[in-house]
A.B. asks: 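Attaching a single structure in structure tokens format; questions to follow.
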Amino acid sequence: MAEIKGFKGILYNTEKASKIESLVCPPYDIISKDEREQLIKNNKYNMVNLELPVAENKYEKAGQDFKAWCESGILQKDEKDSIYIYEEEFMAYGKKHKIKGFISLVRIEEFAKNIILPHEETLSKAKDDRFNLMSTTNANFSQIYSLYIDDKKEISSKIAELSNGVPDIEFTLADGVTHRFYKISDEKAIADIAAKFENRKLFIADGHHRYETALNYRNKLIENGTITDKNHLGNFVMMMLVDMENDGLVVFPTHRILSGLENFSESEKLEKISEFFKVEKINSIDNIENELLEDQTKTVFAFYTGKDYYFRLTKKENVELKDFITDKSNAYCDLDVTALHTLILEKIFGIDKANMANGKNLTYTRDISEAISKVQSGNSDCSFIINATKVTQIKDVALAKEKMPQKSTYFYPKIITGLVINKFID
């Protein structure tokens with residue numbers, strides 16, 4: 001099953017590069033232009049230069065910077081194979097959460113082998129970008145976030161034991177998230193953990209584009225003769241592995257914003273929606289999130305059209321998604337996003353999968369205030385505010401060998417980029 005191993009990670013030398021909190025960055029796909037500029041302004045060696053390069057020949061520039069930073073000692077390679085325990089402490093839904101896992105290498109496997117399981121669709125444009133970056137740097141700058149099942153807590157208890165001391169790195173960023181990082185180089189401890197994964201599957205939580213890119217790039221390295229044996233580091237990718245039942249796991253919903261619709265009519269859409277959903281007008285928009293959370297046992301959305309009210313849409317009990325989707329599992333049909341996409345976006349608004357993939361009329365946000373303000377300003381026609389997908393649903397869809405619609409999950413907080421780098425070709 002899943003094969004994991006330690007590796008000689010490349011880490012910042014903070015004596016030369018300055019404090020680690022000025023060097024790390026969020027994942028590339030959530031960094032705005034302004035945020036990128038500020039990160040570099042704070043520290044010219046910030047990881048965003050490598051993870052999200054901007055230049056005429058941006059991928060080549062990232063490769064040149066990476067090489068230069070390694071040669072000058074800004075980045076240093078560990079002497080021993082290690083795994084790296086990583087913890088985030090944060091606030092969500094008014095409560096303190098902690099999530100702890102470990103970063104290691106994982107052997108890349110085709111999805112058909114049913115060892116590493118995806119749950120979301122991907123876009124070709126994003127994969128091309130990551131492939132080009134990997135081709136010029138031969139490195140993973142950020143980890144793929146994956147989950148594993150550990151019913152007996154054999155792995156998580158070992159991770160807790162190995163990280164019960166003072167962390168090698170600890171810092172808190174402006175968003176309030178505290179990050180702790182422990183380097184574990186004990187060969188026996190690493191081997192013991194690796195052995196416990198021999199009968200386990202991994203479920204990708206975040207980083208589908210990066211995983212598929214790693215798979216494609218590994219295949220290229222095999223084809224051109226760079227990889228000649230199974231132990232070559234190009235057969236592996238860097239992952240953060242977390243127990244699926246970790247109490248700290250938080251998944252935020254991703255809301256849908258619709259724009260550029262022809263002749264949009266609230267009343268016309270509601271009439272069609274009422275065929276599948278019970279429609280209730282709620283004369284305040286101040287408490288949408290909590291009002292939806294109260295109905296998590298049902299398939300329920302908020303439909304907002306820019307006024308001082310919204311419509312709560314609850315799927316009727318006699319409406320079965322299986323009547324509309326005959327080639328998918330019950331797990332897929334039970335998802336709120338499946339009902340929203342199938343019954344409303346596709347059937348009523350005419351936004352098909354190609355439209356969704358190209359972002360013609362549909363954009364996404366995890367911020368309810370943005371989903372509201374864009375409609376209020378007139379920049380968008382309407383929005384749908386939804387509840388989060390449950391972690392158990394992610395597992396069930398993945399085990400059914402299916403993929404959710406794009407942007408079905410948003411694990412919070414994101415794993416920080418820049419604590420450790422995996423270079424698989426010297």
A.B. asks: For His179 and Thr172, which I'm curious about, is there any donor-acceptor pair between the side chains at under 3.5 Å?
C.D. replies: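 Thr172 and His179 do not have a side-chain donor-acceptor pair below 3.5 Å.
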A.B. asks: Going by the angle between their ring planes, with limits at 30° and 60°, are Phe181 and Tyr84 parallel, tilted or perpendicular?
C.D. replies: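 Rings of Phe181 and Tyr84: parallel, as their planes differ by under 30°.
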A.B. asks: For Glu187, is the CD atom crowded, meaning more than 12 foreign heavy atoms sit under 6.0 Å from it?
C.D. replies: no
A.B. asks: May I ask you to say whether Asp65 pairs ionically with Lys61, meaning some side-chain N is under 4.0 Å from a carboxylate O?
C.D. replies: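 A salt bridge links Asp65 with Lys61.
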A.B. asks: Please confirm whether the backbone N or O of Asn235 pairs with a side-chain atom of Arg107, one donor and one acceptor, at under 3.5 Å?
C.D. replies: no
A.B. asks: Between Asn216 and Glu212, is there a side-chain donor-acceptor contact under 3.5 Å, judged purely by atom types and distance?
C.D. replies: no
A.B. asks: Quick one: do Glu245 and Lys153 make a salt bridge, cutoff under 4.0 Å?
C.D. replies: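 Judged by the 4.0 Å cut-off on N to carboxylate O distance, Glu245 and Lys153 do form a salt bridge.
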A.B. asks: For a side chain to side chain contact (heavy atoms under 4.5 Å, CB included) check, start with the C-alpha distance between Lys201 and Met1, then their side-chain angles and the critical distance, and finish with the verdict.
C.D. replies: CA-CA 6 Å; Lys201 303 176 189 291; Met1 287 297 197; 3.9 Å; yes
A.B. asks: Locate the shortest heavy-atom distance separating Cys382 from Leu261; write the atom from each residue and the value.
C.D. replies: SG-CD1, 4.3 Å
A.B. asks: Carefully, step by step, assess Lys414 and Asp206 under the rule side chain to side chain contact (heavy atoms under 4.5 Å, CB included).
C.D. replies: CA-CA 9 Å; Lys414 294 289 187 177; Asp206 194 12; 2.7 Å; yes
A.B. asks: With the side chain counted from C-beta on, respond yes when Thr314 and Glu280 share a heavy-atom pair under 4.5 Å apart, and no when they do not.
C.D. replies: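 Heavy-atom side-chain distance check passes, below 4.5 Å.
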A.B. asks: Taking His341 for the side chain and Glu346 for the main chain, is one N or O donor matched with an acceptor at less than 3.5 Å?
C.D. replies: no
A.B. asks: Strictly below 4.0 Å, N to O, side chains only: are Arg218 and Glu110 in salt-bridge contact?
C.D. replies: yes
A.B. asks: When you measure from the side chain of Asn132 to the backbone N and O of Asp128, does any donor-acceptor pair fall under 3.5 Å?
C.D. replies: yes
A.B. asks: Go through it in stages, so that I can follow the logic: the residues are Phe301 and Phe277, the test is ring-ring contact (aromatic ring centres under 6.0 Å, His included), and I'd like the CA-CA distance, side-chain angles, deciding distance and then a yes or no.
C.D. replies: CA-CA 10 Å; Phe301 320 113; Phe277 293 84; 5.6 Å; yes
A.B. asks: Please evaluate residues Lys8 and Asp78 with respect to the criterion salt bridge (Lys or Arg N to Asp or Glu O under 4.0 Å), reporting the C-alpha separation (whole Å), side-chain torsions for both, the decisive distance (0.1 Å), and the verdict.
C.D. replies: CA-CA 5 Å; Lys8 296 178 178 67; Asp78 275 342; over 6 Å; no
A.B. asks: Is there a donor-acceptor pair under 3.5 Å between the side chain of Asp150 and the backbone N or O of Ser156?
C.D. replies: yes
A.B. asks: Look at atom NZ of Lys77 and say whether more than 12 heavy atoms of other residues, nucleotides or ligands are closer to it than 6.0 Å.
C.D. replies: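 Counting neighbours around NZ of Lys77, more than 12 heavy atoms of other residues, nucleotides or ligands fall under 6.0 Å, so yes.
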A.B. asks: Taking the side chain as everything from C-beta on, heavy atoms only, tell me whether Leu117 gets closer than 4.5 Å to Leu399.
C.D. replies: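 Heavy-atom side-chain distance check passes, below 4.5 Å.
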A.B. asks: Are side-chain N/O atoms of Tyr412 and Glu88 paired as donor and acceptor at under 3.5 Å?
C.D. replies: no
A.B. asks: Does the distance from a Lys or Arg side-chain N to an Asp or Glu carboxylate O, for Glu89 and Lys96, drop under 4.0 Å?
C.D. replies: yes
A.B. asks: List for me each residue that meets ring pair (Phe, Tyr, Trp, His ring centres under 6.0 Å) alongside Phe384, sequence neighbours excluded, and say none if there are none.
C.D. replies: Phe303, Phe349
A.B. asks: Check the pair Ile285, Asp308 against side chain to side chain contact (heavy atoms under 4.5 Å, CB included), reporting the backbone distance first and the verdict last.
C.D. replies: CA-CA 6 Å; Ile285 62 171; Asp308 57 357; 5.8 Å; no
A.B. asks: If you count every heavy atom of other residues, nucleotides or ligands that lies below 6.0 Å from Asn290 atom CG, does the total exceed 12?
C.D. replies: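 Enclosed: over 12 neighbouring heavy atoms sit under 6.0 Å from CG of Asn290.
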A.B. asks: Are Phe102 and Tyr86, when compared by the centres of their aromatic rings, separated by less than 6.0 Å?
C.D. replies: no
A.B. asks: Which residues pass the ring pair (Phe, Tyr, Trp, His ring centres under 6.0 Å) test with Tyr364, not counting sequence neighbours?
C.D. replies: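 Partners of Tyr364 under the ring pair (Phe, Tyr, Trp, His ring centres under 6.0 Å) test: none.
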A.B. asks: Restricting to pairs with a member in residues 391-404, which pass side chain to side chain donor-acceptor pair (under 3.5 Å), not counting sequence neighbours?
C.D. replies: Ser329-Glu402
A.B. asks: Is the ring pair Phe90/His97 parallel, tilted or perpendicular, if the boundaries are 30 and 60 degrees?
C.D. replies: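 The arrangement is parallel - the two ring planes meet at less than 30°.
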A.B. asks: Sequence neighbours left out, cut at 3.5 Å: what donor-acceptor pairs do the side chains of residues 47-57 make with other protein atoms?
C.D. replies:
unit_1 : atom_1 : unit_2 : atom_2 : d
Asn49  : ND2    : Lys44  : O      : 3.0
Asn49  : ND2    : Asn46  : O      : 2.9
Glu51  : OE2    : Ser142 : OG     : 2.9

A.B. asks: State the CD1-NE2 distance between Ile394 and His119, to the nearest 0.5 angstrom.
C.D. replies: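 If we round to the nearest 0.5 Å, Ile394:CD1 and His119:NE2 are 4.5 Å apart.
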A.B. asks: Between Glu60 and Thr136, do the side chains contain an N or O donor and an N or O acceptor separated by less than 3.5 Å?
C.D. replies: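 Side-chain D/A pair, Glu60 to Thr136: absent.
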A.B. asks: Counting N and O atoms only, with roles assigned by atom type, does the side chain of Lys16 sit under 3.5 Å from a partner on the main chain of Ser72, one being a donor and the other an acceptor?
C.D. replies: yes
A.B. asks: So, Thr342 side chain and Ala339 main chain: donor-acceptor pair closer than 3.5 Å or not?
C.D. replies: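 No.
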A.B. asks: Keeping Arg256 on the side-chain end and Thr254 on the backbone end, is there a donor-acceptor pair under 3.5 Å?
C.D. replies: yes
A.B. asks: Go through the steps for Thr363 and Leu258 under the test side chain to side chain contact (heavy atoms under 4.5 Å, CB included), then give the verdict.
C.D. replies: CA-CA 7 Å; Thr363 56; Leu258 277 59; over 6 Å; no
A.B. asks: Do Lys95's NZ or CZ and the ring of Tyr93 fall within the cation-pi criteria of under 6.0 Å and 45°?
C.D. replies: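 Not satisfied by the 6.0 Å and 45° rule.
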A.B. asks: Tell me whether the centres of the aromatic rings in Phe236 and Phe7 are closer together than 6.0 Å.
C.D. replies: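 No, too far apart.
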A.B. asks: Relative to each other, are the rings of Trp69 and Tyr12 parallel, tilted or perpendicular (30° and 60° limits)?
C.D. replies: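 Judged by the thresholds at 30° and 60°, the geometry between Trp69 and Tyr12 is tilted.
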A.B. asks: For the rings on Phe203 and Tyr148, is their centre-to-centre separation under 6.0 Å?
C.D. replies: no
A.B. asks: Just wondering, more than 12 heavy atoms not from Lys100 lying within 6.0 Å of its NZ?
C.D. replies: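 Atom NZ in Lys100 is crowded, with more than 12 foreign heavy atoms closer than 6.0 Å.
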A.B. asks: Name every donor-acceptor pair, under 3.5 Å, that has one atom in a side chain of residues 19-35 and the other anywhere in the protein, sequence neighbours excluded.
C.D. replies:
unit_1 : atom_1 : unit_2 : atom_2 : d
Ser22  : OG     : Lys19  : O      : 2.7
Ser22  : OG     : Asn43  : ND2    : 2.9
Ser32  : OG     : Glu35  : N      : 3.1

A.B. asks: According to the side chain to side chain donor-acceptor pair (under 3.5 Å) rule, which pairs have a member within residues 365-389, sequence neighbours left out?
C.D. replies: Ser259-Ser380, Tyr304-Gln376, Thr365-Glu370, Arg366-Tyr410, Asp367-Ser369, Glu370-Lys374, Ser377-Asn379
A.B. asks: Between Phe131 and Tyr59, does a ring-ring contact (aromatic ring centres under 6.0 Å, His included) hold up when you go through it step by step?
C.D. replies: CA-CA 10 Å; Phe131 187 89; Tyr59 304 113; over 10 Å; no
A.B. asks: Using modelled atom types only, decide if a donor and an acceptor are shared between the side chain of Asn13 and the backbone of Gly73 within a distance under 3.5 Å.
C.D. replies: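 Between the backbone of Gly73 and the side chain of Asn13 there is a qualifying donor-acceptor contact (under 3.5 Å).
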A.B. asks: Quick test of your reading of the model: are Lys183 and Asp168 salt-bridged, counting only N-O distances below 4.0 Å?
C.D. replies: no
A.B. asks: Working to the nearest 0.5 angstrom, can you tell me the gap between Lys315 NZ and Ile273 CD1?
C.D. replies: 15.0 Å
A.B. asks: Is there a donor-acceptor pair closer than 3.5 Å between any side-chain N or O of Lys423 and the backbone N or O of Ile425?
C.D. replies: yes
